[in-house]
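Along the sequence shown, residues are numbered consecutively beginning with 1. No experiment lies behind these values; they were computed from the predicted model shown. Ligands are counted one by one from 1 in listed order, and the atoms in each one are counted from 1 as well.
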Amino acid sequence: ASHILLKHEGISTVSQPTKSLVVANGGLGNGVSREQLQDVLGEVGEVETLVMPPHKPYALVTYRSEVSAQRGHALNGRQLQCGDQIVTLYLSYVNTVDSELWGCVDFPPGLVLVEEFVSPEEEALLLDAIDWTSHDENVTVQKVLKHRRVKHFGYEFRYDNNNVDKDKPLPGGLPQVCVPVLERCVRDRHTEVMPDQLTVNQYQSGQGIPPHVDTHSAFEDLILSLSLGAKTVMDFRHPEGRSVAVVLPERSLLVMKGESRYLWTHGITPRKFDVVPACDPKSPAAVTSDLSNHSNLTLSRRGTRTSLTFRKVRRTPCDCGYPSACDSQQPTAPPSPPSLPRSQTD
Ligand code: AKG
């Protein structure tokens, strides 16, 4: 494998341990998904960066420490089930991985995108089941906001205080049609708990949602967002200014946890076209890369996107590791969440 990597890709492997490894066979080009590889590599230590160049049959991983990389190296020979084929991973040390050189910057930590999470048939079923003409306030609360329309199930999300009335559940609960999707989220270990709140956002072309952090005291760590009907670009911003634009293809599931949920804002800029990588439609995984370093970009006209955002209402104050962004951990109780989670009503 080392010989082929050097000859075809210019990657030279080294025998002495370093923090970085090339994972031969572990690439998007041979059917390994980012989340699948991240799961395996993350079992043995903290992954700092994972670079998966579009269409290539290998990935490059850098661990936080050399000790973790040594445990990663011991994954050599590990087999993965990818669709109906079994892929064997071969790992070798490399000197350094320059993410910029490779044209990919990693997602915010804790962010996972699962492409084709629902089939086109399920997508149609879910879209059909959202009845925008129903106003039964026992089941759903519906609002037209400046840049989108919304519907809430389980609990109403209130845009005046960016929170939910925890003692006022909507008796209808979550729509039955969502149950198979949520069961799959549990089966695939994206969540251990069943969400009890759903916000449906519908964006026409040109609409969006302001950057915000979902109020920590309102919801537990995990946020799941299913994109239906059309793709969009979601912008993630770190408080220190770093930003990552992530293409969310239709039928994909976005899983936000940890730092990406608690510290980074997420939002959708209202516009009619997005800049996306000009990728081979047979290999949609390529579009999950951050856009800033792509050389081959194109314009994509926005269609009507409906997103289903599932969350679990929090019952005890948040004690996350991001106090600067946490309304539960402010020194004095603020009248409304501080300037941290911005208004989501615009
Ligand atoms: C929200 O409703 O707070 C969202 O962030 C929606 C995100 C989405 O449309 O995927």
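Leu170 shares a hydrophobic cluster with Val141; the chain of contacts runs through ILVMFWY side chains whose heavy atoms sit under 4.5 Å apart.
For ligand 1, the atoms sitting less than 4.0 Å from at least one non-hydrogen atom of Ser225 are 8 (C), 10 (O), numbered in the order shown with element in parentheses. Within the listing of ligand 1, atoms 7 (C), 8 (C), 10 (O) sit less than 4.0 angstrom from a heavy atom of Met234. Atom numbering of ligand 1 starts at 1 in the shown order; those under 4.0 Å from a heavy atom of Arg311 are 3 (O). Remark: ligand 1 atoms within the under-4.0 Å shell around heavy atoms of Tyr203 are 6 (C), 7 (C), 8 (C), 9 (O). Counting the atoms of ligand 1 from 1 in the order shown, those under 4.0 Å from a heavy atom of Arg305 are 8 (C), 9 (O), 10 (O). Of all atoms in ligand 1, listed by their number and element, those nearer than 4.0 Å to a heavy atom of Ser307 are 8 (C), 9 (O), 10 (O). With ligand atoms numbered from 1 in the order given, ligand 1 contributes 5 (O) to contacts under 4.0 Å with heavy atoms of His266. Close contacts between ligand 1 and Thr309 involve ligand atoms 6 (C), 7 (C) [criterion: under 4.0 Å to a heavy atom].
Using modelled atom types, one finds no donor on one side chain facing an acceptor on the other under 3.5 Å when comparing Thr13 with Ser92. Residues Asn201 and Arg148 have side chains that bring a donor and an acceptor to within less than 3.5 angstrom of each other. A donor-acceptor pair shorter than 3.5 Å can be found between the side chains of Thr269 and Asp235. A donor and an acceptor atom, one from each side chain of Arg311 and Thr199, are located under 3.5 Å apart.
Checked by distance only, ligand 1 and Asn201 come closer than 3.5 Å through their nitrogen or oxygen atoms. Considering both main-chain and side-chain atoms, Thr199 never comes within under 3.5 Å of ligand 1 through any nitrogen or oxygen pair. Not one N or O of Arg148 is nearer than 3.5 Å to an N or O of ligand 1, by distance alone.
Exactly one residue among Val114, Val255, Asp188, Leu253 makes a side-chain contact (heavy atoms from CB on, under 4.5 Å) with Glu35. That residue is Val114.
Surrounding NZ of Lys166 are more than 12 heavy atoms belonging to other residues, nucleotides or ligands, all under 6.0 Å away.
Using a 4.0 Å cutoff on heavy atoms, Phe157 does not count as a contact of ligand 1. Not a single heavy atom of His152 lies less than 4.0 angstrom from ligand 1.
Of the inter-residue distances, the one linking Leu224 atom CG with Arg261 atom CZ reads 11.5 Å to the nearest 0.5 angstrom.
Residue contacts with ligand 1 for Gln202 are absent, since no atom lies close enough (heavy atoms, distance under 4.0 Å). Neither the backbone nor the side chain of Val150 has any atom closer than 4.0 Å to an atom of ligand 1 (non-hydrogen atoms only).
The salt bridge (Lys or Arg N to Asp or Glu O under 4.0 Å) check on Arg78 picks up Glu43, with sequence neighbours excluded.
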Residues Leu111, Leu254; criterion side-chain contact (heavy atoms from CB on, under 4.5 Å); working and verdict: CA-CA 7 Å; Leu111 191 72; Leu254 186 71; 3.7 Å; yes
